[in-house]
Amino acid sequence: MKKIQGSEFPERFKKEGCLYCNGVITSASRGYYFVELDNGMEAILTSRKLEKLRVSLLPGDEVVAEIPTAGFESNATRLRGRVCWRFRK
C-alpha cells in the first residue's frame with residue numbers, strides 16, 4: 001500500500017531541545033489553537049509559518065505540536081508551543 005505524502009511528520013524537521021506530540025485541535029481563536037494532546041494534556045499553540053503558507057487549520061484537524069523542553073520546567077497549567085505539521089485527511 002502506497003503512503004500518502006504528508007501522512008507522517010518527517011524526521012528532518014525535528015529540532016533538538018523540543019518534544020513532538022500528536023494532538024487534535026479543539027478550538028481556535030485569534031491565531032491561537034487549543035490542542036488536546038494524545039497524552040491527555042492541553043496545549044496552546046501558534047502556527048505563524050503555516051498561516052504564512054496559507055494552510056488552514058480547523059477544529060478537528062490532527063496536528064503535530066512542537067513543545068520546547070523549557071516549557072515543562074514552569075508550573076503552567078497549559079503547555080505552550082507551535083503547530084509544525086497538519087496531517088492530510
Side-chain angles (χ1 to χ4, degrees):
M1 177 178 251
K2 185 178 177 184
K3 281 192 172 183
I4 298 172
Q5 183 183 5
S7 62
E8 74 179 53
F9 185 64
E11 291 290 324
R12 67 179 185 266
F13 292 141
K14 291 189 177 181
K15 301 176 192 173
E16 284 191 33
C18 292
L19 297 174
Y20 294 88
C21 302
N22 293 341
V24 178
I25 296 177
T26 56
S27 64
S29 173
R30 296 183 185 169
Y32 290 97
Y33 300 94
F34 298 91
V35 176
E36 180 74 29
L37 301 175
D38 285 348
N39 59 7
M41 299 178 81
E42 272 191 2
I44 301 173
L45 308 176
T46 61
S47 67
R48 303 294 181 219
K49 187 85 163 197
L50 293 178
E51 289 172 1
K52 179 181 168 187
L53 298 172
R54 298 194 183 262
V55 174
S56 61
L57 297 171
L58 301 171
D61 284 349
E62 294 181 27
V63 296
V64 174
E66 179 184 75
I67 301 169
T69 53
F72 285 106
E73 295 171 3
S74 65
N75 293 330
T77 56
R78 289 186 179 150
L79 300 173
R80 294 188 161 272
R82 291 173 291 284
V83 175
C84 54
W85 193 264
R86 179 181 61 103
F87 292 106
R88 294 183 184 170
K89 294 185 179 185

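Please read these numbers as outputs of a predicted model, since none were measured by experiment.
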Inset, instruction - Report yes if some heavy atom in the side chain of F87 is under 4.5 Å from a heavy atom in the side chain of N22; otherwise report no. - result: yes
Inset, instruction - Hey, could you give me the CG/OG1 distance between L19 and T69, rounded to the nearest 0.5 Å? - result: 6.5 Å
Inset, instruction - With rounding to the nearest 0.5 Å, note down the distance linking CG in L57 to CZ in R86. - result: 6.5 Å
Inset, instruction - Examine I44 and V63 and state if one hydrophobic cluster contains both, with Ile, Leu, Val, Met, Phe, Trp and Tyr joined whenever side-chain heavy atoms are less than 4.5 Å apart. - result: no
Legend entry - Considering all heavy atoms, the nearest P68-G81 contact: CD-CA, 4.3 Å
Inset, instruction - Enumerate the residue pairs fulfilling salt bridge (charged side-chain N to carboxylate O under 4.0 Å, His left out) with a member in residues 57-66, sequence neighbours excluded, ordered by first and then second residue. - result: K15-E66, D61-K89, E66-R82
Output side-chain donor-acceptor pairs under 3.5 Å for residues 24-42, partner residues at least two apart or in another chain, one line each.
residue, atom, partner, partner atom, Å
T26, OG1, F34, O, 2.8
Y33, OH, E51, OE2, 3.2
N39, OD1, M41, N, 3.2
E42, OE1, R78, NE, 2.7
E42, OE1, R78, NH2, 3.1

